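What's counted below: heavy atoms across the whole structure, side chains too, no hydrogens, waters or symmetry copies. All of these numbers come straight from a predicted model, not from anything done at the bench.
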Amino acid sequence: MARSLAMVAMALLGAVLPVVVARRQRRIAEPLAPVLLGLELARLAEHLRHVEEGNQPNQAERLAASTLAYDLALRDYCRSVDLPVPEGHGTLSRSQRFELESALLASGHDW
């Protein structure tokens, strides 16, 4: 019994070791260029308008998810051009969203 448990443990270690090595060798993802973040923000803004005007089931959930995606992309865009971003990772308030969009526009960025 103990011998079979040892064999199982060795087999598991042999299977897990390559995964651990591969994870350690993975390159860190480089940040996206501001131009790409602007394109993504434009795409998400269009999607958000489509959800607001649409008549699909679960509209409230779709709107919440779309708004969160837009807000996260807006934060990423602002960070990429060195604009201050509010703390947190959730949905922005209307005033926070307006301030970030205004700051982007004032610094010559649009989407």
Side-chain angles (χ1 to χ4, degrees):
M1 177 81 168
R3 186 176 182 155
S4 63
L5 285 176
M7 290 176 61
V8 168
M10 292 300 290
L12 283 173
L13 182 60
V16 169
L17 192 58
V19 173
V20 171
V21 170
R23 285 190 60 121
R24 287 189 178 171
Q25 293 175 346
R26 207 183 297 176
R27 290 188 304 152
I28 297 173
E30 293 185 27
L32 290 175
V35 136
L36 295 177
L37 291 169
L39 290 172
E40 178 65 2
L41 197 61
R43 185 190 70 79
L44 288 168
E46 178 60 33
H47 177 72
L48 190 55
R49 280 189 289 278
H50 178 73
V51 169
E52 287 173 339
E53 296 167 358
N55 194 19
Q56 295 180 337
N58 304 320
Q59 186 173 9
E61 289 85 1
R62 290 173 188 273
L63 191 58
S66 299
T67 302
L68 178 59
Y70 179 84
D71 290 347
L72 292 174
L74 181 60
R75 284 181 174 158
D76 288 344
Y77 193 12
C78 288
R79 279 189 201 102
S80 74
V81 294
D82 297 323
L83 292 174
V85 177
E87 293 293 321
H89 299 288
T91 303
L92 297 167
S93 68
R94 287 177 189 251
S95 63
Q96 289 174 322
R97 191 175 304 115
F98 178 77
E99 288 173 14
L100 290 179
E101 291 170 340
S102 298
L104 277 172
L105 290 171
S107 56
H109 301 278
D110 66 354
W111 55 100

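Of all non-hydrogen atoms in L41 and L74, the two that sit nearest each other are CD1-N, 3.5 Å. Of all heavy-atom pairs between V51 and L63, the closest is CG1-N, 3.7 Å. Listed here is the closest heavy atom pair of A69 and L44: O-CD1, 3.5 Å. Residues L83 and S107 come closest through the heavy atom pair CD1-OG, 3.9 Å. Annotation for L100 and P84: closest pair CD2-O, 3.5 Å, computed over non-hydrogen atoms. The shortest non-hydrogen separation linking G90 to R75 is O-NH1, 3.1 Å.
With rounding to the nearest 0.5 angstrom, the CG atom of L104 is 9.5 Å from the CG atom of D110. To the nearest 0.5 Å, atom OG1 of residue T67 and atom NE2 of residue H47 are 9.5 Å apart.
With a 4.5 Å cut-off on side-chain heavy atoms, E40 and D76 do not count as touching.
Salt bridge R49/E52: absent, no basic N to carboxylate O contact under 4.0 Å. Taking 4.0 Å as the cut-off between side-chain N and carboxylate O, E46 and R43 do not count as a salt-bridged pair.
The hydrophobic clustering, which links ILVMFWY residues whose side-chain heavy atoms are closer than 4.5 Å, places L37 and V85 apart. Taken together through direct or relayed side-chain contacts under 4.5 Å among Ile, Leu, Val, Met, Phe, Trp and Tyr, L72 and L48 form parts of separate hydrophobic clusters.
Sorted by first then second residue, the ring pair (Phe, Tyr, Trp, His ring centres under 6.0 Å) pairs that include residues 76-111, not counting sequence neighbours, are Y77-H109.
Listed for the R62 side chain is a donor-acceptor partner under 3.5 Å among the backbone atoms of P57.
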